[in-house]
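What follows is one structure encoded as structure tokens, with my remarks underneath.
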There are 2 protein chains.
Amino acid sequence: MVQSSKKIQVVPEPTIRRMPSYLAFAEGLLRKGQQFVSSTQIANYMNIDPTQVTKDLSYTAIVGKTRVGYEVKALVEVLSEFLGFTVMDNAFLVGAGSLGSALLHDSGLSHFGLNIVAAFDVNSSTIGKKINDIEVFHIDQFRDLSQEMNVIMGIITVPAENAQTVADLMVAWGIKAIWNFTPARIKVPDDIIVQNTTLYSNLAIIFNKLHNDRKETR
Amino acid sequence: MVQSSKKIQVVPEPTIRRMPSYLAFAEGLLRKGQQFVSSTQIANYMNIDPTQVTKDLSYTAIVGKTRVGYEVKALVEVLSEFLGFTVMDNAFLVGAGSLGSALLHDSGLSHFGLNIVAAFDVNSSTIGKKINDIEVFHIDQFRDLSQEMNVIMGIITVPAENAQTVADLMVAWGIKAIWNFTPARIKVPDDIIVQNTTLYSNLAIIFNKLHNDRKETR
DNA sequence: TTTCATTAAAGAAAAATTCCTTTAATGATT
DNA sequence: AATCATTAAAGGAATTTTTCTTTAATGAAA
């Protein structure tokens with residue numbers, strides 16, 4: 001099934017969530033020198049159904065060979081491309097606290113297509129310093145630098161109560177997508193993309209499972 | 001995405017994912033002095049359906065009052081309790097790199113019931129140092145310290161290719177739950193709880209939405 | 001060559017989740 | 001006191017996502 005010239009197909013979010021793990025697995029196999037990988041192998045690694053894998057991969061351009069599987073090298077390329085990891089996008093980060101500076105340090109982000117070009121804060125102790133070669137400015141500065149620098153994403157790592165204020169600023173800056181690391185939900189115009197990533201949600205899920213297990217004993 | 005085989009999960013995972021945001025909202029209202037909050041208000045804040053909110057909250061002990069809503073103070077207490085944020089659990093963290101040290105710095109975790117008691121690494125430059133008062137040991141040390149210190153959770157923030165090795169160690173340590181921040185999927189015995197939190201998945205979702213928007217243009 | 005077993009792919013069925021509708025309750029308004 | 005409007009809650013419909021089933025292809029083995 002040719003995809004490129006066809007209409008846009010909405011890819012289920014769970015599918016996109018699984019894909020980076022497929023990619024990580026395929027990259028590992030590539031390092032080991034394995035040429036082909038079957039959906040069964042991937043499914044086994046992921047602890048999911050093999051048809052889930054083939055269905056997920058059917059959204060990409062890759063075609064598997066019967067009785068052989070997918071070519072590992074092609075899989076890595078196709079997934080990287082599909083997930084948008086091969087194109088560099090520029091981002092601003094607001095809130096250079098613990099989580100914020102961690103992201104600034106994380107070279108993984110640049111490896112996956114995200115280039116943080118500047119950070120902002122209100123805390124005078126960090127302003128003017130450089131974290132991993134990324135300068136930290138006061139939030140009031142560079143009001144319209146985003147368009148100038150072709151920055152399309154804003155990362156929010158401030159305390160939850162300041163999230164909306166920062167989001168409003170980012171929208172005013174002309175930013176297209178916001179990656180919100182606070183548990184607060186922000187209100188933005190419809191054409192702005194928002195991705196909420198709340199670490200504490202994951203914590204809640206673990207605690208819930210721990211609790212259930214403790215109770216159920218099975 | 002979640003566990004294989006039989007999972008006895010009474011509360012839907014999406015529900016648990018939303019709850020920390022309900023909590024953040026309620027905490028904000030509490031600070032402002034608002035006494036009651038309706039499902040409509042919460043839904044409006046979250047950009048979801050009001051019935052979704054009532055259904056989610058029906059899993060907890062709280063009961064709303066018709067035409068009034070939920071008592072904010074009670075909501076904060078009930079949600080904190082329900083999400084397991086009121087009981088302290090001890091954790092080990094392995095991989096004191098950028099993301100790892102960020103988590104060590106994050107006071108939010110201890111606020112939400114997680115107490116990181118020690119960190120481990122193989123990089124000699126960090127070993128022996130303290131990050132936010134948490135000592136970093138070599139991975140070979142303290143093989144069975146976890147039981148001694150009543151540590152039930154292990155946090156993996158190493159490179160993806162080392163995730164499985166670390167997971168095996170943690171299982172040997174007698175750990176009950178693993179919070180895996182790598183895109184690699186780890187294999188552990190059935191009774192061990194695994195929560196995968198891959199930042200790059202969220203990045204992939206944003207890129208996907210940005211791409212679709214670029215193409216659509218309608 | 002022929003048979004067999006494994007695989008991708010497509011479509012159907014099942015399960016999970018979200019959204020919609022109805023009902024009853026009750027504070028606010030007249 | 002009577003009416004109105006808003007709300008929580010419950011049940012069911014619609015949608016989304018996952019799992020199951022079937023089919024066809026083909027490399028490997030006999």
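Keep in mind that the numbers below use all heavy atoms, side chains included, and drop hydrogens, waters and symmetry copies. Everything quoted here is computed from the prediction, not taken from an experiment. Lettering follows sequence order; numbering is per chain, from 1.
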Problem - DNA chain C contacts made by residues 197-206 of chain B, counting heavy atoms under 4.0 Å - result: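 Listed by number, there are none.
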
For [X], all residues meeting side-chain hydrogen bond (donor to acceptor under 3.5 Å, both in side chains), sequence neighbours excluded:
X	answer
N162(B)	none
T165(A)	none
T40(A)	none
E71(A)	none

Problem - Aromatic ring proximity F36(A)/Y70(A), centre distance under 6.0 Å - result: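 Not close enough - the centres of the two rings lie 6.0 Å or further apart.
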
Practice task
Would you check if there is a donor-acceptor pair between the side chains of T51(A) and D49(A) at a distance under 3.5 Å?
Solution key: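 Yes.
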
Practice task
Would you check if there is a donor-acceptor pair between the side chains of N196(A) and T198(A) at a distance under 3.5 Å?
Solution key: no

Fill in the blank from the handout: By salt bridge (Lys or Arg N to Asp or Glu O under 4.0 Å), E13(A) pairs with (sequence neighbours left out) R17(A)

Problem - Any residue meeting salt bridge (Lys or Arg N to Asp or Glu O under 4.0 Å) with R185(A), in chain and number order, not counting sequence neighbours - result: none

Separation of [N] [atom2] from [X] [atom1] (nearest whole Å):
X	N	atom1	atom2	value
M46(B)	dC19(C)	CE	P	12 Å
L57(A)	dT18(D)	CG	C1'	15 Å
Q41(B)	dT6(D)	CD	C1'	12 Å
Y22(A)	dA8(C)	OH	P	12 Å
Y59(B)	dA10(D)	OH	C1'	12 Å
E13(A)	dT18(D)	CD	P	11 Å
I42(A)	dT7(C)	CD1	P	12 Å
N44(B)	dT7(D)	CG	P	11 Å

Any idea which heavy atoms bring [X] and [Y] closest together, and the distance?
X	Y	result
A160(B)	A184(B)	O-CB, 3.5 Å
Y59(A)	V10(A)	CE2-O, 4.1 Å
V53(A)	Y22(A)	CA-OH, 3.8 Å
A163(A)	T182(A)	CB-OG1, 3.5 Å

[X] vs [N]: side-chain N/O to OP1/OP2 distance below 4.0 Å:
X	N	value
T40(A)	dT7(C)	yes
Y70(A)	dA9(C)	yes
S58(A)	dA9(C)	no
R18(B)	dT17(C)	no

Practice task
Specify the residues of residues 24-39 of chain A, ordered by number, for which at least one heavy atom lies under 4.0 angstrom from an atom of DNA chain D.
Solution key: none

Completion exercise
Residues of residues 74-84 of chain B with a heavy atom under 4.0 Å from any atom of DNA chain D, listed by number, are none

Problem - side chain to side chain donor-acceptor pair (under 3.5 Å) assessment of S110(B) paired with N115(B) - result: CA-CA 5 Å; S110(B) 69; N115(B) 183 34; over 6 Å; no

Handout entry: Nucleic acid footprint by protein, nucleotides 19-28 of chain D - heavy-atom cut-off 4.0 Å, B for base, S for sugar-phosphate alone
Key = BBB---BBBS

Exercise for the section: Examine distances only and state if a side-chain atom of N202(B) and a backbone atom of T197(A) form a donor-acceptor pair shorter than 3.5 Å. Expected result: no

Handout entry: Side chain to side chain, I116(B) and L104(B), heavy atoms closer than 4.5 Å
Key = yes

Exercise for the section: Mind checking side-chain contact (heavy atoms from CB on, under 4.5 Å) for A177(A) and listing every partner two or more places apart, or none if nothing turns up? Expected result: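 Result, side-chain contact (heavy atoms from CB on, under 4.5 Å) vs A177(A): M153(A), I193(A), I206(B), L210(B).
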
Handout entry: Stem segments of DNA chain D by first residue number [Watson-Crick or G-U, under 3.5 Å, at least 3]
Key = C:1-30 with D:1-30

